[in-house]
Protein chains: 2
Amino acid sequence: MTNKSLSNSQRALNELRAKIFSGELSAGSDHLESELADLLEMSRTPVREAVLTLESQGLLEMRPRKGVRILPLSPDDMNEIYDVLTELESHAAERAAEAGHSTEDLSRLAQAIDDMDAAILKEDLDAWADADDRFHKELVVLGGNSRIEAIVSMMSDQVRRARSTTLFMRPLPTKSNADHRVVYQAIRDGDPELARSTHKMHRQHAKKMLVDLLQKHRLRFL
Amino acid sequence: MTNKSLSNSQRALNELRAKIFSGELSAGSDHLESELADLLEMSRTPVREAVLTLESQGLLEMRPRKGVRILPLSPDDMNEIYDVLTELESHAAERAAEAGHSTEDLSRLAQAIDDMDAAILKEDLDAWADADDRFHKELVVLGGNSRIEAIVSMMSDQVRRARSTTLFMRPLPTKSNADHRVVYQAIRDGDPELARSTHKMHRQHAKKMLVDLLQKHRLRFL
DNA sequence: GCATTTTTTAATGCATACGCAATGAAATGC
DNA sequence: GCATTTCATTGCGTATGCATTAAAAAATGC
């Protein structure tokens, strides 16, 4: 049986996050605390606590008397976020390569890469995105810095909502996995500099692709 | 007139932060919500909100029924934090150098460097630390990424409390300013790679010095 | 004595109530 | 009509009370 006892403020946190990612609470929309409380069928107190946490994670903004606003993402925001991800993930890749991980340790990474290949063959973008998430997440875990894990996870969350839009605008990421394999091998073979530089290029490329895409489609906010 | 109306939860945030930095709430100590509420002369509600925010910033931890625990810093934590600072500040330095700032734009940076020199002459460590903070803060501002600003500020806060201890254990930072000047000049002269690499070395050196110091003094927690 | 159960205690999570202040509407003056 | 003031509304910040339940203390059995 799945744990049924979960505090209301925890539930509020989970459900609000889910509703933000799913778009049920859309970017730029405003919501009164009491409205959210009604929606989640609890009092304002736990909702406020959840909202406060989500605000500190950059997903929304509390504006007294105007309501809670789900933050939209501009191309500038994308640039900022990707720059943070680039730096911290590249560092993680370097550290992971220094750590001398066994092939066993790297199995999740390998699995994610295989899954991406499979997803591309089937042209299943959602499955690809899921595997890509797992790759980046595991890479950071292997880097062994829990703060980097937390920050990267936060930044990834900030772009997560927008991805449902961008994912289907972009070309099939057929080339992307070549980079992943190089990073994987560099980590396995203990080549920190290669792991870092390859991953850095990979992320910089992704950033450019994404921002160009937004520009091309004249999307000023997501 | 300074703004006198400040919500209680804002006041709680400010005052709790101050008390953590000053050591009045010491690392590892536990405090009940009601105890903090009494201390700040307000009800538990705004205290809880402030505590929630501070938790998300990594300064403390809420442990139901055991109280709010001010988080101690281990040498491992220091390593993690300095690695994040190293990566993100170096990136900021690189970006600042790319941005083509005028000498005017860089005046705060120059001022901070001068102040550090003056502080060292007077052997005033508190003044030095203050100027050093300003240098690093301004560097990140010049980098132009608001998320990096926020993250760096958060990480700096996490080590701030510990610095009151380490500051007086370490040798006078007489050499440190040479690095700062190189970074400054690289930014002014538009040499991103030099700005980045110099600052990165600077931070790596600081990390090593600090961690060695803790080891030498057998300080497992701060 | 020591382990186990029962009872007591009290900190928290949350609902609720309410005053204040900000916002928009209505009224007033020009 | 337009600007300004007054008024009404209502969302938020905060205090308060209470049920829950984890932890401590006491009681019981061996």
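Throughout, a chain's letter reflects where its sequence line sits, starting with A, and its residues are numbered from 1.
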For B:N8 and for B:P64, find the nucleotide of DNA chain D with the closest heavy atom, then tell me which residue's nucleotide is more 5'.
B:N8
Is the closest basic N to carboxylate O distance between A:R196 and B:E87 below 4.0 Å?
yes
Tell me which nucleotide among C:dG13, C:dC14, D:dG13 gets nearest to the side chain of A:P46.
C:dC14
Is any side-chain nitrogen or oxygen of A:S9 closer than 4.0 Å to OP1 or OP2 of C:dC14?
yes
Rounded interatomic separation in angstrom, taking CG from A:D30 and P from D:dC12
10 Å
Quick one: on DNA chain C, does A:E41 or B:V68 contact a more 5' nucleotide (nearest heavy atom)?
B:V68
Verify whether the ring centers belonging to B:H180 and B:H202 lie closer than 6.0 Å.
yes
Counting side-chain heavy atoms from CB outward, which of D:dG13, D:dT21, D:dA15 is closest to B:M42?
D:dA15
Could you state the CG-C1' distance from B:D38 to D:dT16, rounded to the nearest angstrom?
14 Å
A:R63 atom CZ is separated from C:dA21 atom C1', nearest whole Å, by 18 Å
For C:dA11, does the base pair up with any side-chain atom of B:S34 as donor and acceptor (N or O, under 3.5 Å, distance only)?
no
From CG of B:L32 over to C1' of D:dA22, roughly how many Å is that when rounded to an integer?
13 Å
Proximity to DNA chain D (any heavy atom under 4.0 Å), residues of residues 49-61 of chain A only:
none
Where the side chain of B:S43 is concerned, which of D:dT16, C:dG13, C:dT12 is the nearest nucleotide?
D:dT16
Just how far, in rounded Å, is C1' of D:dG13 from CZ of B:R48?
15 Å
Reckon B:S7 has a side-chain N or O less than 4.0 Å from the OP1 or OP2 of D:dC12?
no
Residues, nucleotides or ligands: over 12 heavy atoms within 6.0 Å of A:R163 CZ
yes
Quick note, A:R44 side chain, CB onward, closest among C:dA15, D:dG13, C:dG13 is D:dG13
Closer than 4.0 angstrom, basic N to acidic O: yes or no for B:R147 and A:D83?
no
Measure the distance from CG on A:L13 to P on C:dG13 and round it to the nearest whole Å.
14 Å
Should the pair A:D30-A:R69 be classified as a salt bridge under the 4.0 Å nitrogen-to-oxygen rule?
yes
Salt bridge check, A:E15 against A:R11: does any charged N sit closer than 4.0 Å to a carboxylate O?
yes
Euclidean distance, atom CD of residue A:E33 to atom P of C:dC14 [Å, nearest integer]
15 Å
Would you mind writing out the side-chain donor-acceptor pairs for residues 212-222 of chain B within the sub-3.5 Å range, not counting sequence neighbours?
from, atom 1, to, atom 2, distance (Å)
B:D212, OD2, B:K208, NZ, 2.6

CG of B:L36 versus P of C:dT12: gap in Å, rounded?
9 Å
